Amino acid sequence: MTASGYPVRVYADLDDQLSRWRWLVKWILAIPHYLVLAFLWVGFVGSSVYTFVAILFTGRYPRKVFDFNVGVLRWTWRVHYYAFGALGTDRYPPFTLGEAPDYPAHLDVAYPQHLSRGLVLVKWWLLALPQYLVIGVFLGSGWLTWRSGDSRVAGAPGLITVLVVVAAFVLLFTGRYPRAIFDFVLGLNRWVLRVTAYAALMTDAYPPFRLDLGGDEPSRTLSLEKPPSDASGG
């Protein structure tokens with residue numbers, strides 16, 4: 001465990017001066033990142049399947065795979081923070097899996113020296129099910145409407161999107177991002193990323209049912225430290 005009580009650490013700094021209008025085009029500007037991330041997430045899913053087998057037989061998460069998957073989460077979080085996951089910065093995200101100390105959004109996951117072989121069979125689907133229901137509200141879901149006997153699925157915006165859009169319009173008219181909304185949005189994103197890391201088998205620590213508001217975590221000073229290498233991990 002880290003100083004924050006959970007091995008997944010997520011934090012971000014809100015830009016002091018955000019453009020009133022740039023959020024209108026960020027989804028276009030972020031398209032190159034979305035294209036790269038589409039391929040990276042294919043690799044993430046494939047490596048997670050390999051990791052499942054590795055943990056089942058060895059109780060260890062292969063270190064090189066772990067570093068790659070953390071990098072994918074880190075990259076995703078930076079793009080999400082720049083675009084409509086938060087709109088917390090106008091600085092364009094770097095194209096890198098590694099930590100970017102000068103970028104305002106950060107994510108790190110403490111490397112587990114050992115993982116339960118038994119939990120790997122159930123934690124990503126059965127144990128995580130209550131968490132999926134919660135973050136489904138944060139991220140949005142679909143609903144079923146019936147017309148003339150045909151079913152149609154429509155996407156409902158999640159709480160994160162609703163709050164970010166509200167913040168965007170406040171920014172447009174006032175030039176300021178409401179701090180209370182920022183703190184709440186960061187807490188929601190932090191919850192989602194904790195569950196994502198847990199479902200990806202990166203930790204056995206169950207995500208807390210707790211909304212940690214704000215951009216900081218108590219372990220902020222620890223998050224940029226490079227974990228010790230593990231030559232035998234993979």
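Worth saying up front: this structure is predicted, and the values here are computed from it rather than measured. If you read the sequence from its start, that first residue is 1, and numbering goes on from there. Values reported hereafter were calculated over all heavy atoms of this structure, with side chains retained and with hydrogens, waters and symmetry mates removed.
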Would you check if the side chain of [X] reaches a backbone N or O of [Y] as a donor-acceptor pair within less than 3.5 Å?
X      : Y      : answer
Arg190 : Asp212 : yes
Arg194 : Val10  : no
Tyr81  : Pro104 : no
Trp125 : Leu121 : yes

Taking the side chain as every heavy atom from C-beta outward, state whether [X] and [Y] have any pair of such atoms under 4.5 Å apart.
X      : Y      : value
Leu193 : Leu107 : yes
Asn69  : Val65  : yes
Tyr61  : Ile55  : yes
Thr51  : Pro62  : yes
Phe184 : Pro178 : no
Phe44  : Leu40  : no
Pro112 : Phe66  : yes
His106 : Trp77  : no

State, to 0.1 Å, how close [X] and [Y] come at their nearest heavy-atom pair, and which atoms those are.
X      : Y      : result
Ile160 : Gly85  : CG2-O, 3.5 Å
Ala12  : Leu186 : CB-CD1, 3.9 Å
Tyr103 : Pro94  : CD1-CD, 3.8 Å
Val70  : Asp108 : CG1-OD1, 4.5 Å
Arg22  : Asp90  : NH1-CB, 3.5 Å

How are the rings of Tyr92 and His33 set relative to one another: parallel (under 30°), tilted (30 to 60°) or perpendicular (over 60°)? tilted
Mind checking whether [X] and [Y] sit in one hydrophobic cluster, side chains of I, L, V, M, F, W, Y counted as touching below 4.5 Å?
X     : Y      : value
Phe57 : Val120 : yes
Val53 : Tyr50  : yes
Val42 : Leu97  : no

Please determine whether the number of non-hydrogen atoms from other residues, nucleotides or ligands lying under 6.0 Å from atom CZ of Phe39 exceeds 12. no
Give a yes or no on whether Trp41 atom CH2 has more than 12 heavy-atom contacts from other residues, nucleotides or ligands under 6.0 Å away. yes
Acceptor/donor pairs from residues 162-174 side chains to any protein atom, 3.5 angstrom cut, sequence neighbours excluded:
| from | atom 1 | to | atom 2 | distance (Å) |
| --- | --- | --- | --- | --- |
| Thr174 | OG1 | Val170 | O | 2.6 |
| Thr174 | OG1 | Arg176 | N | 3.2 |
| Thr174 | OG1 | Arg176 | O | 3.4 |

ring-ring contact (aromatic ring centres under 6.0 Å, His included) test vs Trp191 passes for just one of Tyr198, Tyr132, Phe138, namely Phe138
So OH of Tyr82 and CH2 of Trp27: to nearest 0.5 Å the spacing works out to 12.5 Å
Should Arg91 and Asp15 count as an ion pair when the cut-off is N to O under 4.0 Å? no
